[in-house]
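Just so you know, these numbers use all the heavy atoms, side chains as well, and skip hydrogens, waters and symmetry mates.
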Amino acid sequence: MPNVISNTSPLQYLYQANLLDLLPQIYHSIVVPQSVNRELEQGRILGVFLPVLTSLSWIDIITVEFTTAIPDDEKLGPGEKEVIALAQSQPDALVLLDDGLARVRAKQLGIELTGTLGVILKAKKLGYVKEVKPILDRLDELGFRASLVTRKAILKAAEEMDN
């Protein structure tokens, strides 16, 4: 199984949708760069409902020493930069990323990736969730941004499209 490295938003939205336990069920363990942990800590300080990663035995928080492959002029946050840099150092890594620019950059670098919606779709295929549509509705309520095209593609892949 590849090393799975997560950025902030998949952890945030799965937690807020009460689905964070899908991650250890599907991937067993997750690696999180320290900057992602800091982003979650800062969000909790501001009153956002976010997980405490240090309380989860299946998450390893690590310090990333380098981000040289990601130019400073890109509009990526510290979390995205560290996730991508870490993935570059682990050729078999799978990255959990939702940010559009970060996903483009990861693809350019040949990094395998998925996101919150991909995790949910995989959970459906593995039988961990029965329906994707109510989860997508909940994510909409939480402010998760997905285009109508993406939503339809996920519902089609989950075999929940109305004809």
Output the distance between atom [atom1] ([X]) and atom [atom2] ([Y]), rounded to the nearest 0.5 Å.
X	Y	atom1	atom2	value
T114	Y27	OG1	OH	5.0 Å
D60	I5	CG	CD1	11.0 Å
L53	S6	CG	OG	8.5 Å
N37	I62	CG	CD1	12.0 Å
W58	D21	CH2	CG	8.0 Å
L22	K124	CG	NZ	13.5 Å

Kindly indicate whether the side chain of [X], heavy atoms from C-beta on, has any atom under 4.5 Å from the side chain of [Y].
X	Y	answer
P78	E39	yes
L20	P51	yes
L56	L23	no
I135	E131	no

I'd like to know if [Y] and [X] are part of one continuous hydrophobic network [Ile/Leu/Val/Met/Phe/Trp/Tyr, side-chain heavy atoms within less than 4.5 Å].
X	Y	answer
V52	I59	no
F49	V36	yes
L148	F144	no
L142	V48	yes
I30	L126	yes

Problem - E159 atom CD: more than 12 heavy-atom contacts under 6.0 Å - result: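 Counting neighbours around CD of E159, 12 or fewer heavy atoms of other residues, nucleotides or ligands fall under 6.0 Å, so no.
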Exercise for the section: For atom CZ of R145, decide whether the heavy atoms of other residues, nucleotides or ligands shown that lie under 6.0 angstrom number more than 12. Expected result: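 Incorrect, the count does not exceed 12.
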Donor-acceptor pairs under 3.5 angstrom involving side-chain atoms of residues 93-102: please list them, not counting sequence neighbours.
unit_1, atom_1, unit_2, atom_2, d
D98, OD1, T116, N, 2.8
D98, OD1, T116, OG1, 3.4
D98, OD2, S9, OG, 2.8
D98, OD2, T116, OG1, 2.6
D99, OD2, L101, N, 3.3
D99, OD2, A102, N, 2.8

Taking all atoms of both residues into account, what is the closest heavy-atom pair of [X] and [Y], and its distance?
X	Y	result
G115	R103	N-NH1, 3.6 Å
I120	V129	O-CG2, 4.0 Å
L50	R44	O-CD, 3.3 Å
E82	Q34	OE1-N, 3.8 Å
S29	V4	O-CB, 4.0 Å
P91	S89	CD-O, 3.7 Å

Problem - Carboxylate-amine/guanidinium proximity below 4.0 Å for R105 and E80 - result: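 No, R105 and E80 are not salt-bridged.
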Practice task
Evaluate side chain to side chain contact (heavy atoms under 4.5 Å, CB included) for D137 paired with R151, printing each intermediate quantity in order.
Solution key: CA-CA 10 Å; D137 293 343; R151 181 182 174 93; 2.4 Å; yes
Handout entry: Steps toward salt bridge (charged side-chain N to carboxylate O under 4.0 Å, His left out) verdict (E141, R138)
Key = CA-CA 5 Å; E141 293 170 8; R138 176 67 181 133; 3.2 Å; yes
Handout entry: Side-chain (Q12) to main-chain (L40) donor-acceptor, under 3.5 angstrom
Key =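 No: the side chain of Q12 does not pair with the backbone of L40.
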Exercise for the section: Verify, without hydrogens or angle tests, whether E160 (side chain) and V132 (backbone) share a donor-acceptor contact under 3.5 angstrom. Expected result: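 Yes, because the side chain of E160 sits within donor-acceptor range (under 3.5 Å) of the backbone of V132.
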